[in-house]
Amino acid sequence: MNSLTLINILLTIIIYMGARKLAHRFPSPFTIPILTTTIIMICIFHFSGISYDAYTPAKEWITALLGPATVALAVPLYKNKDIIKQKLMPAIVGLIIGTLSSIVSAVWLSRAFHLSENIQAASAVKAVTTPVAIETVQIIGGDPTLAAALVVASGLFGAIFGPALLTMMNISEPFSRGLSIGTVSHAIGTSQIMGEGPIQGGVSSVAMGAAAIITPVILSVLYQFL
Amino acid sequence: MKHTLMFFVQLFFLYAIYQVSNYIVRFLDIPLPASVLGMILLYILLRNGTVQLRYIEVAASFLLKHLSLFFIPIAIGLMDYGGLIKTSGIQLFVMIAASSFIGLFVTGGFTQFLSTKKVQKEENYHEQSHSH
C-alpha cells in the first residue's frame, strides 16, 4: 500500500467519523453521513486535482468489507424471521408489483425525456444492488458504468428522501417501510433505514436480496416490450 | 484485547462465507451477487443451528453499524459524471425521484394494505371466538 492510498483511506474514515458526529448533532435527511462524506470528498478531490482513478486503490480497500457486511445482513433477517414468515404473502405481492412499477416508470420517463437508449437501459436496473445491476444491464444492452452511477444516485435518493416520503404517504408500519426501501433503494437505502429500527433493517435487507433475484428475471422477459 | 481478537476472528468468518459464495457463484454460474448468496447461506446456517448468533454478533453489528461507510467510495465515483449531470441532470433527477416515489408507494402501499387487512381479519376472528 503506498502513502497516497493510506492517506485516502484515513481521510475517508476521518471525514466519515466527523459526518457521523454532525448527523448526531443535527439529525436531518441532508446530514446523513453517506451524503455529507461523499460531497466533502468530491470537493477535496476536485480542488486538489486528485482523479477518481487515483482513489481506486483506497476504494478497493474500503469496499472489501462490503461483501462480509452484506453477508452480515443475515443477522437482522434471522432475528426477524417470525414477522417475515407471518407477512410473507403481502411481502411477495408488494415486492413484485413494486419492482415492476419502479422499472416501468423509470424506463418510460427516460424515454419521455428523450434520454439516450443507454440511459433508458441503465434506468431499468437502477433499483438493484450494483453487482446485479452491472450484469443485468448487459443482458438488455446497456452500459455497466452508467448503470452503476444511476444505482448509486437512486440509492442516495432513497436514503435521503425515502423515509420522509413513506411517512408522507402514511406508510407507517415498520415492516412495509423496510420492504419498500429495500426494494427501491437497495443496500444504500438499507444502510440508512437500519437506523430506524431492527425490523426495518432486517426486512429491507431481505427485500434488497429478493429484488436482486427477480429484477433480472423480469427484465429479460419484459424489457423488449417496454 | 480478547474482545479485539474475537472481533477479527468473527470478521474472518464472515469474510470466509463471502469467499465461499464467490466460488459457488462462479462455479455454478448463478446470476446472483456473491454477497446476497452469502447472506442466504449464513441465514441457513443460523436457522439449522450450525452457527450461533454469539459466534458472529460482534463483527456483524460493527459492519452493519457502518454499512454506509463501505458505499462511500462507490458514491464518490459520481464525480466522473459531471458532464452528464450538466447536460441531463434535471431529467435524470426527475426520473429517479418520480420512479422511486412510485416504487415506494406501490411496494409500501400494497404490503401495508394486505398485511393490516390480514391482521384485522384475525382480530375479528378472535373476537368472534371469544363471544362464543
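First the proteins, then the strands, lettered A, B, ... as listed; each starts at 1. Hydrogens, waters and symmetry mates are skipped; everything else that's a heavy atom, side chains included, is used.
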Where on [X] is there a heavy atom nearer than 4.5 Å to chain A: the side chain, the backbone, both, or neither?
X: B/Ala97; answer: both
X: B/Leu84; answer: side chain
X: B/Leu69; answer: both
X: B/Ala75; answer: both
X: B/Gln19; answer: neither
X: B/Phe13; answer: neither
X: B/Tyr81; answer: side chain

Is the shortest side-chain heavy-atom distance between [X] and [Y] below 4.5 Å?
X: A/Ser101; Y: B/Phe105; answer: no
X: B/Leu78; Y: A/Val152; answer: yes
X: B/Gln112; Y: A/Ser172; answer: yes
X: B/Leu53; Y: A/Lys79; answer: yes
X: B/Tyr43; Y: A/Leu73; answer: no
X: A/Val132; Y: B/Val36; answer: no
X: A/Leu115; Y: B/Gln91; answer: yes

Chain B contact via [X] - side chain, backbone, both or neither, heavy atoms under 4.5 Å:
X: A/Ala64; value: backbone
X: A/Thr183; value: side chain
X: A/Val206; value: backbone
X: A/Leu146; value: both
X: A/Ile34; value: both
X: A/Asn170; value: backbone
X: A/Phe157; value: side chain
X: A/Ile97; value: both

